[in-house]
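FYI, side chains are in, hydrogens and waters are out, and symmetry mates aren't considered; it's all heavy atoms of this structure. In listed order, ligands and their atoms are each counted from 1.
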Amino acid sequence: MLEFEPPQFQGHAHHLTKETYEEMYKESIASPETFFDKMGKNLLHWHQPFTKVKAGGFHQGDVNWFHDGQLNVSYNCVDRHAIATPNKVAIIYEADEPGRAQKITYAELLRKVCQFANTLKKYHVKKGDRVAIYLPNIPEAAVAMLACARIGAIHSVIFAGFSSDAVRDRILDAECAVVITADQGMRGGKVTHLKKIVDAAIEQCPCVKTCIVFQRTGDKSVPFTPERDVWWHEVVDNQRPVCPPEMMKSEDPLFMLYTSGSTGKPKGVVHTQAGYLLGATMTCKYVFDMHPNDVHGCMADVGWITGHTYIVYGPLSNGVATVIFESVPTYPTPSRYWDLVDTHKVTQFYTAPTAIRALRRLGDKHLEGYKLDSIRVLGSVGEPINPEAWLWYHEVVGRKRCMIVDTYWQTETGSIVVTPIPGVTTTKPGSATKPFFGVELGVLDSQTGQELVGNDVEGVLVIKSPFPSIARTVYDNHKRYMDTYLKPYPGFYFAGDGVKRDKDGYYWIQGRVDDVINVSGHRMSTAEVESALILHPLCGEAAVVGVPDDISGEAIVCFCSVKSGYSDITELQQSLRAQVRQNIGPFATPKRVIIVPDLPKTRSGKIMRRILRKVAAKDVTLEDAKTDAGIREKLGDISTLADQSIVKILIETAAKQ
Ligand code: WT7
C-alpha cells in the first residue's frame with residue numbers, strides 16, 4: 001500500500017503540526033464547547049458575542065450553534081479586510097477569454113457589495129426574503145451573494161447549467177421576488193442564453209417582480225421586459241457605495257442550495273450564518289493551510305456548494321485572494337489551468353477527479369514548460385479519486401512536492417468533513433483519510449443499524465454529533481430533513497455514502513448507497529431523471545441507473561418502455577435525451593437510452609435496478625443470457641421477478657441498441 005509523508009516547505013510554517021493537531025482534534029470531540037468557543041471567537045468578528053456555544057442535536061433535529069451571538073457574514077468576508085488591508089486583492093476574475101483577467105481589491109469589493117445591497121433594498125428585498133441568482137461564474141455572482149448576506153436576504157444560487165424548468169421549480173419553491181441573471185454566459189468560447197432561459201422560467205413564476213440583468217456579452221438581441229427587467233449597470237452604478245450591514249442572529253438562514261436526494265424533487269438545503277461561516281473559515285485555514293498572501297484557486301462554479309464555500313465565503317473570510325474561473329480546463333487548450341496557476345501564482349489549487357482524469361488522458365505534454373511552483377496544496381473533491389488519478393495529480397501537477405488533500409463533504413455538511421491536513425497527515429491515494437475537527441464518524445451495518453466498532457470494517461457512513469456547518473433544515477420542509485438525514489439511523493446524521501475504515505482507521509468513501517448518481521461531481525437522483533423522461537409523450541415507464549465511466553466517474557443510462565407511435569428508434573432515443581436536457585440541464589444528458597418492451601419488476605411491482613445496473617454496465621453478456629445458469633451466475637437470484645423471461649430480452653435489446 002502506497003503512503004506519502006506530508007511535505008514540509010522551506011521557510012513556511014504550517015498552521016498545524018502532528019502534535020498540535022492531535023491535541024486539537026481530541027479536544028474538539030471531547031469538549032466541543034471549549035474548542036468551538038475558542039474557534040468562534042478567534043476566527044470570526046462578532047457584533048454581539050455569543051455566550052452559549054452549542055445546543056440541540058440530531059435526535060430532535062434542532063441543532064444550533066452560538067445562538068445568542070450576532071454577526072454579519074459580509075462584514076466578516078469583506079469589511080474587516082477592507083479596513084485592515086484595503087488594497088489587497090480579494091477576487092481574481094479569470095474570464096473565459098484568456099488574457100483578460102481582472103483584479104478586485106477588498107476596498108473595491110466592499111463598495112460593489114454595498115451598491116448591490118442598496119439595489120436590492122430599492123427593489124424591496126428585506127431580511128429573510130429569498131433571492132434567486134442565476135449567473136455565470138463571474139465576480140458579480142459573489143457580489144450578489146455577499147449583498148444578500150449584508151441585508152439578511154437568503155440567496156438561492158441556481159447553477160447556470162440548469163434548464164428553464166429547473167429554474168422555474170426552484171424559484172417557485174422559494175417564492176423569490178427578485179431574480180439576478182446575465183444577458184448571456186460564455187464558457188469555453190460558447191454562448192449560453194441565460195436571459196432567455198430565465199424568461200421562460202419566470203413566465204410561470206407569478207412571485208417574481210424584478211429581474212436584474214448583468215451585461216456579460218452585451219448582445220443586442222437579448223429579450224428585455226421593461227416593466228420587470230432592469231440592467232445591472234443602470235441601477236447599481238447609481239447606488240451609494242455604503243450600506244450598513246444588518247446584524248444577523250447566528251441561526252438566521254444565510255442561504256439555500258438545492259440538491260438531489262433519493263426521491264422526489266430536489267430539496268433546498270438551508271445553511272445558517274455563524275456555524276456555516278465558521279466551518280468555511282476553519283477548513284480553509286487548516287485544510288488548505290491558508291496564509292495571508294495566498295491565492296486560492298478553486299476551479300468550481302459558484303452555483304455549487306464548492307463554489308459557495310471555497311470560492312466565496314471561506315477564502316474571503318480568511319482575507320486571501322480567490323480566483324473565479326469562468327472557463328473550462330480545455331479552453332483554448334488543455335494547458336488552461338496551468339497557465340492560470342503560473343500567471344496568478346496560485347498557492348492552493350482545488351478541482352474534481354473528473355477534470356484530473358480528463359487532463360491526464362490528454363497527456364503530460366500540456367504541462368511542459370509550466371513551473372507550477374507556487375502551489376503548496378492540491379485539493380480534490382466531488383467523488384472518490386482513483387489512485388491512478390491521485391498519483392498523476394501528485395507527480396505531474398504537484399511534482400511530488402505538494403500536499404494532496406482528498407476532501408470528502410456534501411452540500412449538506414457545508415464544509416469539508418473528512419480530509420488530510422497539510423503538515424500532519426500521511427496520505428494514502430484514494431482515501432480521504434481522517435475526520436476534521438469536531439467531526440465524529442461512525443460506520444453502521446446498513447441492515448441492522450448497529451455501529452461497527454474497531455478498524456477494518458465496512459458499512460454506511462454516519463456523523464455522530466452535530467458540528468457547526470451542518471445544514472439545519474430543508475426549506476419549508478423540515479419533515480423531509482428529518483426523514484432524509486436524521487430518521488434512517490436515529491441519533492446520527494446519515495450521509496448516504498458507503499465507507500470502509502481500514503486497519504489504520506483511515507476512511508475510504510465507496511460512493512452512494514441510495515439512488516443518487518454522481519456524474520462529474522454533479523449529483524442527480526435516478527428519480528429526478530425518471531420524472532423528466534416520463535414527461536415525454538411517448539414514454540410509458542422509465543428506470544435510470546448509473547454506470548461506471550472512465551472520465552465522468554458515473555454516467556446515466558435510461559431504460560424506457562414506450563408507447564406505440566414512433567417510427568425511428570434513433571430519433572426517439574434522441575428526443576428522450578433532449579427531454580432530460582430540457583427538464584434538468586445539459587449536464588444531466590443520458591449517455592444511453594435503451595428502449596425496452598418492459599422493465600424487470602417484482603411481483604409487488606418494484607423495479608429491480610440491480611439487474612438494470614448490470615445490464616447497463618455490460619456485466620452480463622449475450623453469452624451468459626444463453627442459459628438460466630449463466631444468468632443466475634451473473635445476476636444472482638431473480639426468482640422474485642414477476643416475469644423472469646424479461647431478463648434475457650433486456651440483455652439482447654441492450655446489446656443491439
Ligand atoms: C456527494 C456530495 C462537496 C462538494 C461536491 C459535491 C461525493 C464528494 C468526495 C470525496 C468521495 C465524494 C459523495 C457525497 N463526494 N466528495 N472526496 N470522495 N466521494 O457535493 O453534490 O452535495 O455531493 O459527493 O458521494 O455524498 P454534493
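A 4.5 Å side-chain heavy-atom check between Arg361 and Ile551 finds at least one atom pair inside the cut-off. For the pair Asn477/Lys267, no side-chain contact is recorded, criterion being any heavy-atom separation below 4.5 Å from C-beta on. Residues Leu441 and Ile463 are in side-chain contact: their nearest non-hydrogen atoms beyond the backbone lie under 4.5 Å apart. Counting only heavy atoms from C-beta outward, the side chains of Arg170 and Tyr475 never approach each other to under 4.5 Å. You'll find the side chain of Thr354 stays beyond 4.5 Å of the side chain of His522, heavy atoms only.
The protein non-hydrogen atom at the shortest distance from atom 25 (O) of ligand 1 is Asp497 OD1, 2.6 Å. Considering only non-hydrogen protein atoms, atom 11 (C) of ligand 1 sits nearest to Pro384 N, 3.1 Å. In terms of protein heavy atoms, atom 9 (C) of ligand 1 is closest to Glu383 N, 3.5 Å. In this structure, the protein non-hydrogen atom closest to atom 23 (O) of ligand 1 is Arg523 CD, 3.4 Å. Among protein heavy atoms, the minimum distance from atom 5 (C) of ligand 1 is reached at Thr306 OG1, 3.6 Å.
Counting heavy atoms closer than 4.0 Å to ligand 1, residue Ile305 contributes side-chain atoms (C-beta onward) but none from N, CA, C or O. Under 4.0 Å from ligand 1, the heavy atoms of Thr407 that appear belong solely to its backbone.
The aromatic rings of Tyr493 and Phe58 are tilted relative to each other, their planes meeting at an angle between 30° and 60°. Phe255 and His271 have tilted rings, their planes meeting at an angle from 30° to 60° on a 0 to 90° scale.
When Tyr507, Trp508, Trp409, Tyr310 are ranked by how near their heavy atoms come to atom 3 (C) of ligand 1, first place goes to Trp409.
In this structure, Thr589 contributes its side chain and Pro586 its backbone to a donor-acceptor pair below 3.5 Å.
Checked by distance only, ligand 1 and Arg512 come closer than 3.5 Å through their nitrogen or oxygen atoms. On a distance-only criterion, Thr259 and ligand 1 share no N/O pair closer than 3.5 Å. Considering both main-chain and side-chain atoms, Gly382 comes within under 3.5 Å of ligand 1 through a nitrogen or oxygen pair.
Those atoms of ligand 1 that come under 4.0 Å of a heavy atom in Asn518, given as number and element, are 7 (C), 24 (O).
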